[in-house]
Number of protein chains: 2
Amino acid sequence: MLRLDSRDPDFGPSFARLLAVKREVAEDVDEAVRAIIAEVVARGDDALVDYSRRFDGHGPDFSAASLRVSEAEIEAALREAPPEALDALRLARARIESFHRAQVPGDRRETDALGVTLGWRWTALESVGLYVPGGTASYPSSVLMNAVPAKVAGVPRIAMVVPTPGGVTNPLVLAAARLAGVDEIFRVGGAQAVAALAYGTATVAPVAKIVGPGNAYVAAAKRRVFGQVGIDMIAGPSEVLILADGHANPDWVAADLLAQAEHDAAAQAILVTDSDALADAVARAVEGQLATLPRADIARASWRDYGAIVRVERLADAIPLVDRLAPEHLEIEAADAEALAARVRNAGAIFLGAHTPEAIGDYVGGPNHVLPTARSARFSSGLGVLDFMKRTTLLSCTPEALRALGPAAVALGRAEGLDGHARSVAIRLNL
Amino acid sequence: MLRLDSRDPDFGPSFARLLAVKREVAEDVDEAVRAIIAEVVARGDDALVDYSRRFDGHGPDFSAASLRVSEAEIEAALREAPPEALDALRLARARIESFHRAQVPGDRRETDALGVTLGWRWTALESVGLYVPGGTASYPSSVLMNAVPAKVAGVPRIAMVVPTPGGVTNPLVLAAARLAGVDEIFRVGGAQAVAALAYGTATVAPVAKIVGPGNAYVAAAKRRVFGQVGIDMIAGPSEVLILADGHANPDWVAADLLAQAEHDAAAQAILVTDSDALADAVARAVEGQLATLPRADIARASWRDYGAIVRVERLADAIPLVDRLAPEHLEIEAADAEALAARVRNAGAIFLGAHTPEAIGDYVGGPNHVLPTARSARFSSGLGVLDFMKRTTLLSCTPEALRALGPAAVALGRAEGLDGHARSVAIRLNL
C-alpha cells in the first residue's frame with residue numbers, strides 16, 4: 001500500500017505515477033480468438049459444440065440440442081435457489097427497474113418558423129446478447145444490471161450465453177435471468193459464444209449488440225466483432241476511492257476498501273483523507289479485517305500492490321485529484337459530502353455519507369453497477385437504458401421551407417466542392 | 001448498378017449479398033501508426049514538427065511555435081472567406097445549435113419511500129479534440145457538426161487539429177471553427193495529431209475525447225488511443241437509401257442518389273421503389289446527370305460498384321429491408337411517408353417528403369450529419385450532445401434506509417462468495 005502526502009515536495013510526480021499504474025496484464029489471445037470466430041462463422045453449431053466439449057469439459061453426449069437451456073431447467077433453478085437470495089434478487093430487480101425506467105428518453109418533434117419539421121425518435125435495439133461468465137465470477141447481480149435496462153429500453157429479444165464448466169450452472173444466475181426477462185439462455189461461453197451472438201448459428205440467432213463482462217478471450221472477441229454488432233465498454237479491474245474526514249469510522253472505511261480489493265488482485269482501493277489519525281486507523285483496520293476475510297489472499301494482493309492512502313491538507317484539495325483519477329466508485333464520508341460531490345466532475349458513481357457503502361450500489365440501490373473503469377469516467381458513463389436504444393433524427397421541409405433554407409445549402413455545397421449536393425437542392429428550386 | 005426485384009425467387013440470397021458487401025479497403029497502417037504514436041509520446045512537439053515537415057511539406061522554418069494557429073490568422077480567414085458561404089455557415093451554426101440545445105439531458109434526484117436518495121447528474125467532458133482532415137475533404141460543415149454539440153454540452157475546451165498540406169489552410173474551416181466556439185487550433189494532422197491530443201505535448205494539452213473523421217491513419221490512431229481517451233465512432237463511406245413511389249420526380253431522386261455517390265467511390269446509393277417506371281426513369285436520369293457533374297468520376301464508380309435499384313411489390317415490403325440495411329440516410333418520397341417512417345427501426349436519419357433532399361440535412365437542417373454508417377444504425381446513433389457528456393449516478397442512504405436494504409445486500413454478497421461486500425454492510429448494522 002502506497003502512502004502519499006500532498007504536502008510533500010515530490011507529491012506531483014508520485015501522484016502521476018499512481019495515475020499511470022497499469023493494473024491489467026494484456027494477454028495476447030487475439031490470434032486464438034480470430035481462429036475461434038472464423039470456425040464459428042464457418043461451422044456454426046458444430047463449432048460451438050466442439051469448443052464447449054473441449055473448454056468446458058462436456059462429454060460426447062453434448063450436442064447442438066444441448067446448447068439451449070430448457071424451460072424445465074430454469075424452473076428447477078428457481079426451486080433450487082436459496083429463498084433468501086431469491087428474495088434479495090427480486091428486491092434488486094424491482095429497484096433497478098424503477099431507477100432505470102426514469103432514464104427512458106423522450107422523442108421530440110417541432111415545426112419551426114420556416115416550416116421545417118424536425119426532431120428525433122428513440123427506438124430500442126432489435127436484440128441484445130448478454131455474456132455471463134461461468135465459474136466463480138458468475139454473478140446473478142450482473143445479470144440483473146445488464147438485462148433489466150435492456151428490457152426497460154424495450155428490447156424485444158435478449159439472448160444470454162453462459163459457459164457451464166463441468167456441466168455446472170449457478171441456479172441463481174438462471175433465476176436472475178428469468179426475473180430480468182431474458183428470453184433465451186445458451187450454455188456456451190468464451191470467444192465462441194461471442195462469435196455466435198455476432199454472426200449467428202442455426203441455434204443462436206444473431207443480435208445487434210453484445211454486453212457483459214468476460215475474461216481476456218471474451219474481451220478480445222468483443223473488440224473483434226465490433227462493427228458487425230455493437231459492444232459495451234470493455235471493463236477493467238474494479239476500483240474505489242473513498243474521501244473521508246477525521247469523523248469517519250475507520251472500521252467501516254476499511255471494510256469498504258476491502259470489499260473492493262476482494263474482487264480481484266488487480267482491483268484498486270484508495271483512501272483520501274485530511275486526517276492522519278484516520279489514515280493510521282484505517283491502515284490498522286485493514287490488516288485486522290484481512291485476518292478473517294475468506295478472499296484475503298486476493299484482497300491482500302490488491303491492497304499491497306495497488307492500494308493507497310493519500311493525505312491532503314483539506315478535503316477540498318482532493319477534488320482535482322479525484323477528477324484526474326476519475327474513479328469507478330467514489331464514496332464520500334465527510335461532513336460536507338454533498339458540497340464536495342457537487343464539485344466532482346469525473347466519477348462513475350458517487351456514494352454519499354457513512355451509511356452508503358458501495359456494496360449497496362452493487363446489489364440493491366437501483367443505479368447500475370456496470371461503471372467506467374481505468375479513468376474512463378472522464379469520458380463515459382455507466383450502463384443505462386440509452387445503451388440499449390438509438391436515436392433516429394427526422395427532418396421534413398415544406399416547399400416554402402426548402403426555398404428559405406435551400407440557397408444556404410447550395411452555397412455550402414459549392415464552397416465544399418460538392419456540386420452534386422448543391423444540385424440536389426437547386427434542381428428542386430429551379431436555381 | 002445492381003437491379004433486384006423482391007418478387008424474384010433468388011431475391012433473398014441476392015439481397016443478403018448486397019448487405020454483406022464490404023465497401024472499405026482495410027489499409028494495414030497499424031504498425032506505422034504505433035510507431036508515430038510512440039514518437040509523439042517520447043519526443044512531443046519535436047515529433048509533431050518532424051512529421052509535419054515530412055508529411056505536409058513544411059519547410060525548415062516550421063517549428064513548435066508554428067503549431068498553434070494565431071488569432072490574427074483566424075481573423076484573416078474570416079475576412080478572406082466568401083461572404084455568401086460565411087452567411088450560410090452562420091445560418092447553419094444557429095440551426096445546429098438550436099436543434100442540439102433540446103438534447104441537453106436533465107439531472108434527476110429523488111428520495112424513495114425507504115429514505116434512499118438516488119439519481120444522476122450529467123457533466124460535460126473537461127476537454128474535446130476535434131480532428132479535421134486537410135485538403136479536399138476539409139469540410140467546414142463538419143467542423144460545425146462536431147464542435148457545436150460539444151459547446152452546447154458545456155465542454156470548456158475544444159482543441160481542433162487540421163493538417164495544412166503545402167501550408168494551405170481552408171479559410172472556411174478556420175471561420176467555422178471560430179463560429180462554433182473552438183478554443184484552440186493546431187496545424188497538425190495524421191496519427192501524430194491524434195497522439196498529441198491523447199497524450200499531450202508541450203504545446204498541445206491532452207483532451208478527454210477525440211472526435212471527427214479522418215483517413216486510415218487517423219482511424220487507426222483513434223482505435224489505438226481509445227482507453228487513454230474516448231473516441232467517437234469510426235465513420236465508414238457514406239450511404240443513402242431512397243424509398244420512393246411512382247409519383248416521385250425521377251430527376252430529383254437521381255440528383256439525391258448522385259449527391260451521395262459523389263462523396264466517395266465507396267459511397268452507396270440505393271433506390272427502393274414499387275414502380276418499374278420510376279426505377280427506369282431514375283436509372284436514365286442518373287446517367288444523364290453524370291454527364292455534367294464535376295465529381296462524375298467518383299460518383300460513377302460508386303453508382304457502378306455499389307449502387308442498387310430494388311423493386312418491391314409494395315413500399316411496405318421495403319421496411320424489413322430498410323431495417324436490415326440500417327442506412328445512414330433514409331429518404332422517403334412517397335404518399336404515406338410519415339406512416340412508413342414510423343415503421344422503420346434502423347436508420348441514422350430520416351428525410352421526409354419530396355422537398356427534403358438529404359443535402360439540406362448535411363448543411364442547414366439542424367440535425368447532425370455525423371451518422372452511423374455500415375449498418376451500425378442497428379445499434380448506434382448519430383453524434384449529439386450526449387456524446388460530450390457523461391452521467392454520474394448518486395446514491396445516499398439514511399441509517400434507516402441502510403437497515404431496510406442492507407440485509408438483501410448481505411444475502412447477495414454471501415451468495416456470490418463476496419463476503420467482504422457483505423461485511424461492509426453488516427459491520428454498519430451490527431449483523
Side-chain angles (χ1 to χ4, degrees), chain A residues 84-85 88 91 102 108 118 123 125 139 141 172 208-209 230 252 255-256 258-259 262 293-294 345 347 349-353 355-357 359-361 363-367 378-381 390-397 399 402 405 408-409 411-412 415-416 419-421 423-425 427-428, chain B residues 84-85 88 91 102 108 118 123 125 139 141 172 208-209 230 252 255-256 258-259 262 293-294 345 347 349-353 355-357 359-361 363-367 378-381 390-397 399 402 405 408-409 411-412 415-416 419-421 423-425 427-428:
Chain A
E84 195 193 3
L91 174 68
R108 184 180 173 92
L118 68 180
T123 43
L125 307 198
Y139 295 136
S141 59
L172 276 175
K209 183 170 184 170
W252 297 6
D256 294 359
L258 288 175
E262 76 169 346
L293 194 67
R345 186 192 287 268
I350 302 179
F351 303 84
L352 290 158
H355 303 279
T356 318
I360 288 291
Y363 293 122
V364 290
R378 289 172 298 134
F379 52 80
S380 58
S381 309
K390 68 257 175 2
R391 190 180 50 215
T392 299
T393 54
L394 301 165
L395 190 67
S396 177
C397 292
L402 184 64
L405 286 181
L412 287 172
E416 292 188 348
D419 292 79
H421 283 58
R423 183 190 281 174
S424 73
V425 175
I427 198 172
R428 287 165 159 92
Chain B
E84 195 192 4
L91 174 67
R108 185 180 172 93
L118 68 180
T123 43
L125 307 198
Y139 296 136
S141 60
L172 277 175
K209 183 169 184 170
W252 298 6
D256 294 0
L258 288 175
E262 76 169 344
L293 194 66
R345 186 192 287 271
I350 301 179
F351 303 83
L352 290 158
H355 303 279
T356 318
I360 289 291
Y363 293 122
V364 290
R378 290 172 297 134
F379 52 81
S380 58
S381 309
K390 67 255 176 6
R391 189 180 51 215
T392 299
T393 55
L394 301 164
L395 189 68
S396 178
C397 292
L402 184 63
L405 285 182
L412 287 172
E416 292 188 349
D419 293 79
H421 283 58
R423 183 190 280 175
S424 72
V425 175
I427 198 173
R428 287 164 160 91

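Below, chain A is the first sequence line, B the second, and so on; all start at residue 1. Computation of the quantities below employed the complete heavy-atom set of this structure, encompassing side-chain atoms and omitting hydrogens, waters and symmetry-equivalent molecules. Predicted model, so just to flag it, every value in this text is computed and none were measured.
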(request) Under 4.5 Å heavy-atom distance to chain A, tell me which part of B:Leu172 shows up: side chain, backbone, both or neither. (result) side chain
(request) Between chain A and each of B:Arg391, B:Arg378, B:Glu84, count heavy-atom pairs under 4.5 Å; write down the option with the most. (result) B:Arg391
(message) Quick check on the interface: out of B:Pro399, B:Ala415, B:Ala411, who has the most heavy-atom pairs with chain A under 4.5 Å?
(response) B:Pro399
(message) To check you understand the geometry: which heavy-atom pair defines the closest contact between B:Leu402 and A:Pro357, and what is its length?
(response) CD1-CD, 3.9 Å
(message) Testing the basics here: between B:Asp419 and A:Glu262, what is the closest heavy-atom pair and its distance to 0.1 Å?
(response) N-OE1, 3.6 Å
(request) Among the options B:Leu405, B:Leu395, B:Leu352, B:Leu394, pick out the one with the most heavy-atom pairs lying under 4.5 Å from chain A. (result) B:Leu395
(message) Testing the basics here: between A:Val364 and B:Ala408, what is the closest heavy-atom pair and its distance to 0.1 Å?
(response) CG1-CB, 4.0 Å
(message) Looking only at heavy atoms and a cut-off of under 4.5 Å, which of B:Ser396, B:Ala85, B:Ala255, B:Pro367 has the most pairs with chain A?
(response) B:Ser396
(request) Select one option (side chain, backbone, both, neither) describing which atoms of B:Ser141 are under 4.5 Å from chain A's heavy atoms. (result) both
(message) Out of B:Gly353, B:Gly365, B:Gly361, return the one with the most heavy atom pairs under 4.5 angstrom to chain A.
(response) B:Gly365
(request) Pick one of side chain, backbone, both or neither for B:Arg345, based on which atoms fall under 4.5 Å of a heavy atom in chain A. (result) both
(message) Measuring from atom NE2 of A:His421 to atom CG of B:Asp256, what distance do you get when rounded to the nearest 0.5 angstrom?
(response) 10.0 Å
(request) Could you pull out the closest heavy-atom pair between A:Lys390 and B:Ser381, with the gap in Å? (result) CA-OG, 3.2 Å
(message) Let's test your reading of the structure: which of B:Leu258, B:Leu125, B:Thr123 forms the most heavy-atom pairs below 4.5 Å with chain A?
(response) B:Leu125
(message) Restricting to non-hydrogen atoms, name the atom on B:Leu293 and the atom on A:Gly420 that form the minimum distance, rounded to 0.1 Å.
(response) CD1-CA, 3.5 Å
(request) First locate atom OG of B:Ser424, then atom CD1 of A:Ile360, and finally report the distance between them rounded to the nearest 0.5 Å. (result) 7.5 Å
(message) Has A:Thr356 got a side-chain atom pairing as donor or acceptor with B:Cys397's backbone, closer than 3.5 angstrom?
(response) yes
(message) Minimum heavy-atom separation for A:Val425 and B:Ala359, please, with both atom names.
(response) CG2-CB, 4.0 Å
(request) Pick one of side chain, backbone, both or neither for B:Ile427, based on which atoms fall under 4.5 Å of a heavy atom in chain A. (result) both
